[in-house]
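Working notes, beginning with the structure itself.
Chain letters run A, B, ... following the sequence lines, proteins first, then strands; residues in each count from 1.
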Number of protein chains: 2
Amino acid sequence: MTRARLDQRTIVDAVLELARQEPQARITFKRLGEALSVDATAMYRHFRNKDELTRAALDRLAALATEAARATDGDWRARLEAFVRRMAALSLEHPAIGAEWAMVDPVGPGDVASDEFLLEMLTIAGLSGDELIRAYAAVSGFTLAQSAALAQEALLRTDTARDGTIPWISTFGAVDLSGFPHVRAHREALLTIDGLTVYQAGIAAILDSIARTADAGVAR
Amino acid sequence: MTRARLDQRTIVDAVLELARQEPQARITFKRLGEALSVDATAMYRHFRNKDELTRAALDRLAALATEAARATDGDWRARLEAFVRRMAALSLEHPAIGAEWAMVDPVGPGDVASDEFLLEMLTIAGLSGDELIRAYAAVSGFTLAQSAALAQEALLRTDTARDGTIPWISTFGAVDLSGFPHVRAHREALLTIDGLTVYQAGIAAILDSIARTADAGVAR
DNA sequence: ACCTGAACACCGTTCAAGT
DNA sequence: ACCTGAACACCGTTCAAGT
């Protein structure tokens with residue numbers, strides 16, 4: 001990367017590129033400075049601290065996922081699924097950033113755009129009032145928490161395939177299973193579960209539930 | 001706390017007590033050593049590194065949540081809800097530990113006991129085969145990811161009430177909402193969402209979905 | 001106005017030395 | 001066998017100095 005005049009955009013670009021290229025490493029100002037051919041402390045001219053920088057990078061991921069979902073054809077459910085899937089994929093591609101989804105509260109434009117999209121799809125589905133808000137909470141909370149979990153696993157594991165095929169349970173190794181008949185009975189099946197299976201099982205359940213609520217509302 | 005002969009149990013006790021007493025602080029060996037009246041590096045006699053220590057503490061939380069759920073009366077759904085609720089509560093009570101739920105793979109006895117409980121309840125519900133495994137994945141994954149998210153928020157926020165009443169969105173402050181009609185329309189309702197609302201909306205949707213699958217199975 | 005580099009406080013971890 | 005304490009590499013962050 002050639003030396004560029006620093007600004008917030010350039011720095012966030014470099015953060016995401018770094019997170020993509022070194023999926024097992026956390027972002028440090030030192031590495032970021034090297035990538036930008038700049039002193040490690042130069043970032044403090046543009047962001048108050050590391051938290052703010054991370055938030056800006058997360059906001060960018062939210063914007064990207066929303067764009068992708070808006071570009072997707074289909075009904076509200078297909079488009080919500082596209083959003084949720086894109087969030088997971090982007091988090092897995094940038095583990096060091098995706099792992100921080102817990103801190104997203106103080107919203108940037110990308111976060112708000114994603115909220116707007118979710119509310120719009122759920123409104124199209126036929127929800128309103130309390131049901132709409134609860135559905136938004138379920139989808140948004142699930143997406144953030146699960147994307148963070150996927151990214152954190154990708155960050156920790158050396159054996160990661162980067163596509164979510166991280167074993168959910170890699171071994172029962174040291175634990176004696178004799179007192180746990182159900183675990184023993186399903187041992188093989190449990191070991192085949194991976195991160196994306198978990199993700200999809202959860203979001204399918206939530207969207208099913210929303211679809212039913214919406215249908216009941218229409219029938220009323 | 002009086003000086004005690006160190007062993008794994010004593011250290012895990014101290015970790016959880018520290019996490020409870022200083023909900024805004026991460027666990028450090030220095031603070032842990034002070035609490036145990038022992039040098040910061042003494043822990044390396046009993047745990048290979050900090051990861052292993054954290055895993056042991058998480059395993060204890062899993063064991064506690066499982067015990068509480070087993071002691072709960074009611075049908076499978078009530079008992080699953082008890083488990084999930086207890087996991088969230090324990091994570092919020094020990095933010096520095098609960099925040100690490102992503103790393104739980106290499107399982108200890110407490111983790112396996114919780115898996116056994118989940119599989120048992122879902123079997124009682126009438127699930128089997130693939131449906132059982134998918135339901136297990138959805139509930140387990142949701143609980144871990146969301147408990148971690150709650151704990152991470154509790155760790156970051158100074159204004160935390162420790163009971164999950166952390167605002168999900170605290171402000172739209174700097175962002176101009178003129179381009180986001182749905183967000184603007186629901187602004188007030190969105191600001192009332194807290195961490196536990198999100199948690200309950202999600203788990204209710206997942207359990208609804210499981211109940212329907214189970215009923216369909218019975219009807220078949 | 002923006003970047004540099006020394007400095008500081010604070011981490012996890014290692015290892016030789018103590019008892 | 002277990003604990004101590006010095007040491008190391010590595011963090012985020014501050015601030016005076018440069019240009």
With the side chain of [X] defined as its heavy atoms from C-beta on, choose the nearest nucleotide among [options].
| X | options | answer |
| --- | --- | --- |
| B/Phe29 | C/dT13, D/dC3, C/dC3 | C/dT13 |
| B/Tyr44 | C/dT4, C/dT14, D/dT4 | C/dT14 |
| A/Thr41 | D/dT4, C/dA6, D/dG12 | C/dA6 |
| B/Asp39 | D/dG12, C/dG12, D/dT4 | D/dT4 |
| A/Asn49 | D/dT4, D/dT13, C/dT4 | D/dT13 |

Nearest-Å distance for atom pair [atom1]/[atom2], residues [X] and [N]:
| X | N | atom1 | atom2 | answer |
| --- | --- | --- | --- | --- |
| B/Ile27 | C/dG12 | CD1 | P | 10 Å |
| B/Leu6 | D/dC3 | CG | C1' | 9 Å |
| B/Leu36 | D/dT4 | CG | P | 10 Å |
| A/Met43 | C/dG5 | CE | C1' | 14 Å |
| A/Asp7 | C/dC3 | CG | C1' | 15 Å |
| A/Lys50 | D/dC10 | NZ | P | 15 Å |
| A/Gln8 | C/dC2 | CD | P | 12 Å |
| A/Arg26 | D/dG12 | CZ | C1' | 14 Å |

Next on the checklist: What's A/Leu32 touching, base or sugar-phosphate or nothing? Going by heavy atoms closer than 4.0 Å.
Outcome noted: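 If one applies the 4.0 Å heavy-atom cut-off, A/Leu32 turns out to touch nothing in the nucleic acid.
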Does [N] have a Watson-Crick or wobble mate here (both distances under 3.5 Å), and if so which one?
| N | result |
| --- | --- |
| D/dG12 | C/dC8 |
| D/dA17 | none |
| D/dC3 | none |

Salt bridge or not for [X] and [Y], using N-O below 4.0 Å?
| X | Y | value |
| --- | --- | --- |
| B/Glu17 | B/Arg20 | no |
| A/Glu120 | A/Arg70 | yes |
| A/Arg184 | B/Glu116 | no |
| B/Arg55 | B/Asp59 | no |

Next on the checklist: Using a 3.5 Å distance criterion without hydrogens, assess whether the side chain of B/Thr72 forms a donor-acceptor pair with backbone atoms of B/Ala68.
Outcome noted: yes
Checklist entry - Taking for each residue the nucleotide of DNA chain D bearing the nearest heavy atom, is the 5' side occupied by B/Ala42 or by A/Ala40? => result B/Ala42
Next on the checklist: Taking only side-chain N and O atoms of A/His46, does any of them lie within less than 4.0 angstrom of OP1 or OP2 on C/dC3?
Outcome noted: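 Yes, within the criterion.
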Checklist entry - Mapping B/Arg45 and B/Asp51 onto DNA chain C by nearest heavy atom, which one lands closer to the 5' end? => result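 Nearest-nucleotide comparison on DNA chain C picks B/Asp51.
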